[in-house]
There are 2 protein chains.
Amino acid sequence: MSAATKKREANPTLRDVASRADVSTTIASRVLNDDPAVRVREETRQRVIEAAKELGYAPNSIARSLRKSRSDAIGLVMHNLASPMNTTVLEGVRGRCAEAGYVTLLADSEQLAAESSRLSSFLARGRLAGVILHVGHGHHDTLIEDVSRHVPAVLVNADSSGLVPSARLDDVSAGRTAAEHLIALGHTDVAFVGGPEGSITSLGRQRGYEDALRGIERGAGAQMINAGWTAEHGEAAANAILNMPALPTAIVVANLVTASGVLAVLRSVGVRVPHDVSVVAIHDAWLAKYLTVPLTTVQLPLFELGETAAGLLLDILAGKSGGQGALITDPPPRLIVRESTAAPRASRT
Amino acid sequence: MSAATKKREANPTLRDVASRADVSTTIASRVLNDDPAVRVREETRQRVIEAAKELGYAPNSIARSLRKSRSDAIGLVMHNLASPMNTTVLEGVRGRCAEAGYVTLLADSEQLAAESSRLSSFLARGRLAGVILHVGHGHHDTLIEDVSRHVPAVLVNADSSGLVPSARLDDVSAGRTAAEHLIALGHTDVAFVGGPEGSITSLGRQRGYEDALRGIERGAGAQMINAGWTAEHGEAAANAILNMPALPTAIVVANLVTASGVLAVLRSVGVRVPHDVSVVAIHDAWLAKYLTVPLTTVQLPLFELGETAAGLLLDILAGKSGGQGALITDPPPRLIVRESTAAPRASRT
DNA sequence: TTGTAGGCGTTATCAT
DNA sequence: ATGATAACGCCTACAA
């Protein structure tokens with residue numbers, strides 16, 4: 001036996017416990033599962049518990065799953081774990097699932113969509129009680145369909161498309177909060193940098209932004225521009241803005257990561273934030289403090305988003321039917337003012 | 001049936017396939033598993049395959065695991081997924097495991113250590129073929145012991161403590177690369193900001209730094225200071241440095257996240273980077289480009305680290321014994337020069 | 001109050 | 001070349 005092949009404890013079965021406690025497996029099973037319908041002598045119960053402890057017995061989850069034909073694993077399909085926002089959602093999902101006694105099987109949406117062998121291994125029969133899909137704005141409709149054909153599924157921050165319930169952030173409110181902050185500072189030339197064209201998340205935030213601007217007389221710089229969710233997209237958007245005939249005095253960026261790129265470009269061309277232009281982004285994370293300028297953000301309840309999605313699925317698994325989904329309005333979007341926003345120069349005395 | 005309770009495809013069993021193809025389950029099983037030892041008529045084989053396809057048969061992984069008494073799931077215990085470096089390691093692990101046909105069960109080391117119920121549910125008998133532990137520098141020795149008592153385990157970037165093999169980065173080389181870059185620029189007052197005291201990772205990088213400095217005449221600013229792995233730790237370290245009697249002209253920070261905090265403090269007190277002080281950090285990630293100054297980094301093969309750890313475990317599972325672990329020297333640490341490093345002022349003409 | 005036995009879906013052994 | 005059967009470990013009617 002090599003050094004790496006150490007002795008591992010044997011795996012005692014229920015039968016071992018039963019025979020050591022001089023009872024049948026029935027009694028052992030019932031006692032260890034606290035079956036309320038069983039009435040055993042206290043002495044017997046203790047013998048069983050004692051035997052289990054001495055043997056270091058733990059039930060075999062595979063056998064149990066097979067017998068009860070249900071699993072205690074929940075699949076989580078995510079895209080882009082490199083985004084700090086997504087890891088927060090993941091924590092929320094995992095926390096809520098763990099509370100309910102489920103473990104979490106993680107998969108990447110791109111890989112699942114790309115290699116059918118991975119998808120089928122992930123969805124292998126009997127493995128998953130349900131699946132939570134956080135797949136962003138891609139062309140994942142067939143993936144969602146494939147998955148939900150096999151097991152109960154819920155979506156995170158996506159169009160529920162009627163078929164699968166979805167947990168959603170209040171994007172409209174977030175967009176409005178960001179824009180209203182700038183308007184309150186006196187800005188009228190407020191640009192909007194969105195995510196990829198057609199993204200429902202981006203669209204919601206844009207709508208909030210437009211709601212807010214409806215109340216004021218917009219300046220010529222109040223333009224809308226589609227970008228994407230990466231920092232590079234933000235760089236491109238910033239360059240596009242710099243080429244606009246009328247420069248905005250403030251920018252709402254639909255995403256923190258995108259905003260990183262916007263800020264970097266502004267700095268590199270000598271546009272001062274917030275002196276020349278104010279920037280506010282949607283989503284908060286630790287890194288917001290450490291960008292070229294500490295960034296003012298609108299914090300959204302990402303952890304709760306994960307929890308809510310998990311809750312939706314757990315309801316379905318408990319036969320309660322998750323309904324059409326949930327829009328998370330509590331806690332509401334929270335403005336975190338740092339150093340990237342200020343009154344426009346023109347209005348300063 | 002409510003809207004959310006949609007019709008799900010039934011789950012045909014091997015028996016269904018067998019009866020539809022008019023063969024025994026034995027044959028069906030062997031054909032579908034491409035058992036080379038079976039010699040059936042081509043016509044029969046086709047009948048089985050056809051029947052399986054028509055029924056949409058997929059094997060039940062739970063039943064299979066039970067029968068073969070081994071699982072195709074690998075547990076990944078991680079700490080601090082908020083760190084962009086760790087998600088890269090995760091991708092590497094998952095990629096390698098998936099190639100080998102394993103799925104990945106994710107758990108958080110803090111939660112596993114804190115709640116024994118979570119640990120036992122995670123380690124539930126039969127569930128996991130093996131576990132990969134990436135638990136950082138905490139007091140997780142008992143966790144590691146608990147886990148490795150149950151299933152084969154490997155460590156990521158940790159002291160293997162002789163018991164469990166570990167995949168390690170070449171920290172010494174990384175520290176040396178960072179310091180040599182600064183020395184080549186003409187710096188002699190090079191400070192080092194490390195991780196938490198006693199961290200083996202930090203110690204390795206520090207050793208590399210000291211190796212590099214050994215060749216030159218060190219200035220008074222060449223101090224060593226322990227911090228931690230968070231941005232806040234970096235802020236504290238920067239403040240400590242600013243209070244030193246002799247200021248360094250350059251700083252090696254043992255971690256990208258820590259460096260974010262260092263840069264922010266330097267900026268807030270008006271110390272210009274790289275004009276007044278150069279900064280280089282170990283580890284690269286997308287955000288390095290977007291900090292207060294685009295940060296010069298030493299990129300380490302994090303994806304490969306994950307792959308290697310997974311490979312170690314897979315070897316063990318295949319009976320090949322992972323040995324004492326692996327030090328990843330290929331690819332070597334790679335310097336990525338951005339804008340945070342330059343020659344010291346004194347040596348400029 | 002306790003025990004017997006069947007079966008969850010699969011694979012492996014041993015016959016035919 | 002193909003099939004019957006047992007067994008993986010557990011839970012749960014049903015029986016006693």
Side-chain angles (χ1 to χ4, degrees), chain A residues 9-49 51-52 55-72 121 123-129 150, chain B residues 9-49 51-52 55-72 121 123-129 150:
Chain A
E9 278 179 9
N11 279 184
T13 74
L14 195 57
R15 284 237 313 253
D16 298 331
V17 174
S19 78
R20 182 176 243 262
D22 259 318
V23 293
S24 69
T25 60
T26 309
I27 299 301
S29 171
R30 287 174 163 177
V31 165
L32 294 176
N33 287 320
D34 279 325
D35 182 343
V38 78
R39 311 197 29 76
V40 288
R41 256 177 310 191
E42 185 54 25
E43 190 255 340
T44 315
R45 148 176 268 106
Q46 287 309 326
R47 262 209 333 275
V48 172
I49 292 174
L55 261 37
Y57 171 78
N60 183 308
S61 67
I62 298 296
R64 178 178 279 176
S65 279
L66 181 60
R67 173 61 232 251
K68 310 181 83 157
S69 48
R70 66 191 152 83
S71 154
D72 65 344
S121 144
L123 289 177
R125 225 134 257 189
R127 168 170 287 154
L128 263 21
H150 282 82
Chain B
E9 276 178 11
N11 279 184
T13 74
L14 195 57
R15 283 234 316 251
D16 298 331
V17 174
S19 77
R20 183 175 242 264
D22 258 318
V23 293
S24 68
T25 59
T26 309
I27 297 302
S29 172
R30 287 173 161 179
V31 166
L32 295 175
N33 287 320
D34 279 323
D35 182 343
V38 79
R39 311 198 27 76
V40 288
R41 259 176 310 192
E42 186 53 26
E43 190 254 339
T44 315
R45 148 177 267 105
Q46 287 310 326
R47 257 200 349 264
V48 171
I49 291 174
L55 261 37
Y57 171 79
N60 183 309
S61 66
I62 298 297
R64 177 180 283 180
S65 279
L66 180 60
R67 175 60 234 243
K68 310 180 82 158
S69 48
R70 67 191 151 83
S71 155
D72 66 344
S121 143
L123 290 177
R125 224 134 257 185
R127 168 169 290 153
L128 264 22
H150 282 82

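- The distance from atom OG1 of B:T44 to atom CD of B:E42, rounded to the nearest 0.5 Å, is 8.5 Å.
- By the 4.5 Å heavy-atom criterion applied to side chains, A:R125 and B:P12 are counted as neighbours.
- The CG atom of B:D72 sits 14 Å away from the C1' atom of C:dT10 (whole-angstrom rounding).
- One atom, CG of B:N60, and another, P of D:dG9, lie 17 Å apart when rounded to the nearest Å.
- Summarising the geometry, the separation between CG on B:N33 and P on C:dT10 is reported as 10 Å, rounded to the nearest angstrom.
- Going from atom CG of A:D16 over to atom P of D:dC8 covers 11 Å, rounded to whole Å.
- Using a 4.5 Å heavy-atom cutoff, the side chains of B:I49 and B:V31 are in contact.
- Atom CG of B:L14 is separated from atom C1' of D:dA7 by 16 Å (rounded to the nearest Å).
- Side-chain contact check for B:S29 versus B:T26: every heavy-atom pair is 4.5 Å or farther apart.
- If you take CG of B:D35 and C1' of D:dA1, they are 13 Å apart, rounded to a whole angstrom.
- In terms of heavy-atom proximity, A:S65 sits nearest to B:I62 at CB-CG2, 3.9 Å.
- Protein atom CZ of A:R127 is 17 Å distant from nucleotide atom P of C:dG9, rounded to whole Å.
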Does the protein touch nucleotides 2-8 of chain C at the base, only the backbone, or not at all? Give it as B, S and - per nucleotide, heavy atoms under 4.0 Å. BBB-BBB

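- Counting to the nearest Å, the P atom of C:dG9 and the OH atom of B:Y57 are 10 Å from each other.
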Could you walk me through whether A:V23 and A:R30 pass the side chain to side chain contact (heavy atoms under 4.5 Å, CB included) check? CA-CA 11 Å; A:V23 293; A:R30 287 174 163 177; over 6 Å; no

